[in-house]
Number of protein chains: 2
Amino acid sequence: MESAFSIIAEPNRRAILSLLAASERSVGDIEEELQLPQPSVSKHLRVLREAGFVESRVDTQRRLYRIKPEPLIEVDAWLAQFRRFWTTHVDALERHLDHMDQSRPTKRKTRRKK
Amino acid sequence: MESAFSIIAEPNRRAILSLLAASERSVGDIEEELQLPQPSVSKHLRVLREAGFVESRVDTQRRLYRIKPEPLIEVDAWLAQFRRFWTTHVDALERHLDHMDQSRPTKRKTRRKK
DNA sequence: TGAGTATATACCTTACGGAGTATATATCCG
DNA sequence: CGGATATATACTCCGTAAGGTATATACTCA
């Protein structure tokens with residue numbers, strides 16, 4: 001279970017993270033918005049917390065959870081090695097691979113940092 | 001198992017994808033480089049193929065596998081909602097540019113698979 | 001055609017993780 | 001204090017997926 005990848009393999013956990021991406025939320029908020037039993041929410045939050053995806057703060061009787069991005073950064077970093085397969089600019093390496101479909105090679109986007 | 005996320009939850013499959021990110025390879029290549037039993041490699045490749053992560057072509061007696069990026073694009077798209085947590089420019093300007101980027105009139109659209 | 005190589009599949013076993021249910025802990029307020 | 005609310009944990013059950021081993025299929029070439 002350790003790896004960030006196996007943590008986000010669970011659909012309910014992804015849903016929880018998506019909610020928290022918008023704003024921090026209490027357990028009850030999540031329970032209601034995702035229509036999940038409360039123990040299930042707490043259990044998933046525990047897994048997410050122990051894996052570093054979220055952290056919580058106390059607000060009177062509730063716990064408010066919010067995103068901690070580190071493990072997601074790790075996933076993003078792993079994905080980096082594949083981005084050349086779908087980014088538009090055609091570099092020499094990609095041309096070396098079998099992309100016969102060289103339709104509009106000089107079509108250029110506005111320059112941005114990726 | 002259906003989701004792209006659960007497919008890449010398996011460490012050996014991630015290792016296989018990383019190898020293929022560099023260049024296409026045969027089953028035997030992967031077997032040797034990852035020190036995995038051949039049936040295990042074949043089984044993982046089958047899972048990856050059926051989920052659309054790889055495709056194979058025949059080269060005499062061998063099968064050469066290579067990356068098909070679609071499911072990884074899906075993962076990348078899911079990650080997008082969290083990027084503001086670790087990118088440096090979180091201001092309205094960048095969000096505006098992102099939006100314009102995606103609405104640019106290119107022919108490539110990411111296909112959505114269920 | 002038959003041996004050899006490359007890859008796929010079948011079968012069994014096992015472990016892990018998620019769901020569900022019940023219960024525990026903690027905090028607030030009247 | 002005691003009841004109500006909010007959240008966490010314990011425990012059992014069950015499905016699924018990965019590993020291992022054996023075997024099947026497919027192709028090549030002498």
Side-chain angles (χ1 to χ4, degrees), chain A residues 1-20 23-68 71 74-75 78, chain B residues 1-20 23-68 71 75 78 114:
Chain A
M1 164 79 78
E2 344 69 67
S3 99
F5 296 90
S6 42
I7 304 287
I8 62 173
E10 216 290 318
N12 290 319
R13 284 199 284 267
R14 288 202 302 282
I16 291 174
L17 290 174
S18 291
L19 282 184
L20 298 182
S23 68
E24 72 176 0
R25 277 168 165 83
S26 71
V27 177
D29 292 340
I30 298 170
E31 176 188 353
E32 183 181 342
E33 297 185 67
L34 297 184
Q35 300 268 82
L36 287 176
Q38 178 268 317
S40 177
V41 175
S42 282
K43 206 160 77 171
H44 284 311
L45 283 172
R46 179 198 233 263
V47 172
L48 288 170
R49 178 166 24 83
E50 289 179 348
F53 284 83
V54 302
E55 61 190 352
S56 67
R57 65 186 183 90
V58 175
D59 166 67
T60 70
Q61 67 279 49
R62 303 184 300 170
R63 312 261 160 102
L64 297 182
Y65 283 81
R66 65 179 174 213
I67 295 286
K68 261 183 68 182
E74 193 182 329
V75 173
W78 182 80
Chain B
M1 166 77 78
E2 346 69 67
S3 100
F5 296 90
S6 43
I7 303 287
I8 62 173
E10 216 290 319
N12 290 320
R13 284 198 285 267
R14 287 202 303 282
I16 290 174
L17 290 174
S18 290
L19 282 185
L20 298 182
S23 68
E24 72 176 1
R25 278 166 165 83
S26 71
V27 177
D29 291 340
I30 298 170
E31 177 188 353
E32 183 182 342
E33 296 185 65
L34 298 184
Q35 299 269 81
L36 287 176
Q38 177 268 318
S40 177
V41 175
S42 281
K43 207 160 76 171
H44 285 310
L45 284 171
R46 178 199 235 264
V47 172
L48 288 170
R49 178 165 25 84
E50 288 179 348
F53 283 84
V54 302
E55 60 190 353
S56 66
R57 66 184 181 91
V58 176
D59 167 66
T60 68
Q61 68 279 51
R62 302 184 300 169
R63 312 259 160 103
L64 297 182
Y65 284 83
R66 65 180 174 207
I67 295 286
K68 261 183 67 183
V75 173
W78 183 81
K114 282 215 54 145

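Here is how names work: the chains are called A, B, and so on, in the same order as the sequence lines, proteins then strands, and each is numbered from 1.
Here dA19(C) presents its C1' atom at 9 Å from NE2 of His44(A), a figure rounded to the nearest Å. Atom pair Phe5(A):CZ and dG17(C):C1' shows a separation of 19 Å (rounding to whole Å applied). We find that CZ of Arg13(A) is positioned 8 Å from C1' of dG18(C), with the value rounded to whole Å. With rounding to whole Å, Glu10(A) atom CD is found 14 Å from dG15(D) atom C1'. Atom CD1 in Ile7(B) sits roughly 15 Å away from atom P in dT16(D) (whole-Å rounding).
Residues passing the salt bridge (Lys or Arg N to Asp or Glu O under 4.0 Å) test with Glu55(A), sequence neighbours excluded: Arg66(A). Remark: Pro39(A) engages Pro37(A) in a side-chain contact (heavy atoms from CB on, under 4.5 Å) (not counting sequence neighbours). With sequence neighbours left out, Arg46(B) forms a side chain to side chain donor-acceptor pair (under 3.5 Å) with Glu50(B). Every residue meeting the side-chain contact (heavy atoms from CB on, under 4.5 Å) condition with Arg14(B), not counting sequence neighbours, appears here in chain and number order: Ser3(A), Phe5(A), Trp78(A), Ile8(B), Pro11(B).
Pairs of residues two or more places apart, or lying in two chains, that qualify as salt bridge (charged side-chain N to carboxylate O under 4.0 Å, His left out) and include a residue from residues 28-45 of chain B are Arg25(B)-Glu33(B).
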Quick one: what's the B/S/- string for nucleotides 4-10 of chain C, heavy-atom cutoff under 4.0 Å, read 5' to 3'? --SBBB-
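Judged by closest nucleotide on DNA chain C, Asn12(A) is the one of Asn12(A) and Asp59(A) placed further toward the 5' end.
Between the side chain of Arg13(A) and the backbone N or O of Leu48(A) there is no donor-acceptor pair closer than 3.5 Å.
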